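As structure tokens, the structure follows; a few thoughts come after it.
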Amino acid sequence: MGEDLMKTALVLSSALTAVAFAASAEEITVMSWGGAYTVSQVEAFHKPFTAATGINVISVDADNPATPLKAMVEANNVSVDVADVNTSDAVRLCDEGQLEEIDPASLPPAPDGTPATEDFLPGALSDCAVGNIVYSMVVAYDASKFPDDKPATIGDFFDTAKFPGKRAMWKSAKTTLEMALMGDGVPAAEVYDVLGTPEGVERAFAKLDSVKGQIVWWEAGAQPVQLLADGEVAMTTAYNGRIFAAAVTENKPFVAIWDGQVYEYDLFVIPKGAANLEAAKKFVAFATGTQPLADQAKWISYGPARKSSGPLVGLFQDGKTEMAPHMPTAAANLTNALPSSYEFWVDHEAELAERFNAWLAN
């Protein structure tokens, strides 16, 4: 009888220990964009965060995390704790009350003590979002398709006579219209002034008309790289980090054209109603520290959103490729570069998206 009681006590003790462990084993779910970008976050943010805090990170992906995040909050059924979104979505979702506010004072200072509010690049912090990277949409081409003359400008993307072959573009009014105008000769600094007029909108669509029959439309970030790899297109618009990853890690003959790049931030946000709010805030603060943001650049060619991270950016994970020249923010890459205007898109997205979709349908 005593032996049975002891066995029962041991079983109960083991069960209570398991329950206690389960209760203490915190975890959060982070939603991002997939591909090489998610890999860079897992290596630079998720794994070190778990090692430092014991909080497990579950990684999930979406073509655009803002879309499912909005649906979750509106349905009052939030299953992610942190999401990675672009600037215009971060501003819009915050204005709609769908995000938790994030106090900049909760973010770590730079190593020299500079407050986070002074260390992040302009526009990288807002009421509900903390920037992590600067990325860009660029034109890229398959060098094997052009053995002699090489495309070099955004205008060359639209010149199918000199540079024949199908093109691929993001199925979105955003960046597509800006690139069309730059391809038609509008300097980057004047794009939004032009696009803000009815005449400018007509000009952008007229430029797209010139290649409409040659365009393959893509919707997810991995698709343009695959379209190039499969030989379905000769040139494409694509996220610069995807092109870098394919060229450097897979030895694909892909080349990015920085002329006419459209760059912006991606930022971490916390959806209203996140189940693990405090752990989510810890993750955002950790991941956007100086060293983690610099470490991400070992995995993908996106620029860190903190000034103090820049000098710490070194070699790619291959141990030989200098990352600085491959960043959207490299001086040589900014000659005719357009910072995406979230103010413009917050004001005009609905009308231009409607016009774009109608144009696609015709």
Side-chain angles (χ1 to χ4, degrees), residues 24-34 37-38 40-109 115-117 119-121 123-135 264-293 296 302 304-306 309 342 346:
S24 64
E26 284 186 275
E27 65 181 23
I28 59 171
T29 299
V30 177
M31 179 180 284
S32 193
W33 298 76
Y37 184 47
T38 289
S40 73
Q41 293 184 325
V42 169
E43 296 296 334
F45 307 153
H46 300 191
K47 290 180 180 178
F49 176 72
T50 298
T53 66
I55 301 172
N56 187 42
V57 180
I58 299 171
S59 179
V60 297
D61 295 321
D63 289 346
N64 181 353
T67 303
L69 184 152
K70 179 179 173 68
M72 288 178 190
V73 175
E74 290 179 346
N76 197 27
N77 184 23
V78 179
S79 60
V80 301
D81 301 295
V82 178
D84 184 294
V85 302
N86 63 39
T87 306
S88 57
D89 284 329
V91 172
R92 175 175 53 82
L93 291 169
C94 188
D95 288 346
E96 294 172 356
Q98 296 181 323
L99 302 176
E100 298 284 351
E101 292 195 1
I102 300 174
D103 183 0
S106 69
L107 304 174
T117 50
D119 190 40
F120 277 85
L121 296 172
L125 292 179
S126 64
D127 290 343
C128 306
V130 183
N132 51 66
I133 54 96
V134 181
Y135 72 94
E264 64 179 300
Y265 295 107
D266 255 26
L267 311 96
F268 284 128
V269 299
I270 300 172
K272 186 75 76 173
N276 304 290
L277 179 58
E278 293 308 312
K281 289 181 177 179
K282 288 180 184 177
F283 174 83
V284 171
F286 178 92
T288 58
T290 295
Q291 190 62 55
L293 290 182
Q296 186 183 18
Y302 293 147
R306 292 186 79 137
S309 301
Y342 71 81
V346 166

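Only heavy atoms go into these numbers, but all of them, side chains included; no hydrogens, no water, no symmetry mates. Counting from 1, the numbers follow the sequence of the chain as shown. For clarity, every value in this text was computed on a predicted model and none was experimentally measured.
The two residues L107 and A285 come nearest to each other via the heavy atoms CD2-CA, 4.0 Å. Heavy-atom minimum distance, P109 versus P115: CB-CA, 4.4 Å. For the pair I102 and C128, the tightest heavy-atom approach, listed with the atom from each and the gap, is CD1-O, 3.8 Å. The two residues A280 and D81 come nearest to each other via the heavy atoms CB-O, 3.6 Å. C94 approaches L99 most closely through the heavy-atom pair N-CD1, 3.7 Å. Across L293 and A287, no two heavy atoms sit closer than the pair CD2-O, 3.4 Å.
Although no hydrogens or angles enter the test, the distance criterion places no donor-acceptor pair under 3.5 Å between the side chain of T290 and the main chain of S309. Under a 3.5 Å cut-off, the side chain of D61 and the backbone N or O of G34 do form a donor-acceptor pair. A donor-acceptor contact shorter than 3.5 Å links the side chain of R306 to the backbone of T288.
Between V57 and F45, every side-chain heavy-atom pair lies at or beyond the 4.5 Å cut-off. Contact check for P271 versus V80: side-chain heavy atoms found under the 4.5 Å cut-off. Under the 4.5 Å side-chain criterion, counting only non-hydrogen atoms from C-beta, W33 is in contact with N64.
Between the CG atom in N276 and the CD1 atom in I55 there is a gap of 8.5 Å [rounded to 0.5 Å]. The CD1 atom of I28 sits 8.0 Å away from the OG1 atom of T53 when rounded to the nearest 0.5 Å. Going from atom CE of M31 over to atom OG1 of T38 covers 10.5 Å, rounded to the nearest 0.5 Å.
Judged purely by distance below 3.5 Å, without hydrogens or angles, the side chains of Q296 and N132 never pair a donor atom with an acceptor atom. A donor atom on one side chain and an acceptor atom on the other are not found under 3.5 Å apart for D266 and Y302.
With sequence neighbours left out, S88 forms a side-chain contact (heavy atoms from CB on, under 4.5 Å) with N86, K174, Y342, W345. For the ring pair (Phe, Tyr, Trp, His ring centres under 6.0 Å) test, residues two or more places apart in sequence or in another chain that qualify with F283 are H46, F49, F268.
Using a cutoff of 4.0 Å between basic side-chain nitrogens and carboxylate oxygens, R92 and D89 are scored as salt-bridged. A salt bridge is absent between K282 and E278: the closest approach of a Lys/Arg side-chain nitrogen to an acidic carboxylate oxygen does not fall below 4.0 angstrom.
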Pairs under 3.5 angstrom only: tabulate donor-acceptor contacts from the side chains of residues 68-76 to other protein residues two or more places apart or in another chain.
unit_1: K70; atom_1: NZ; unit_2: E74; atom_2: OE2; d: 3.0
unit_1: K70; atom_1: NZ; unit_2: E96; atom_2: OE1; d: 2.9
unit_1: E74; atom_1: OE2; unit_2: Q98; atom_2: NE2; d: 3.2

- Could you walk me through whether D84 and V30 pass the side chain to side chain contact (heavy atoms under 4.5 Å, CB included) test, one step at a time? CA-CA 8 Å; D84 184 294; V30 177; over 6 Å; no
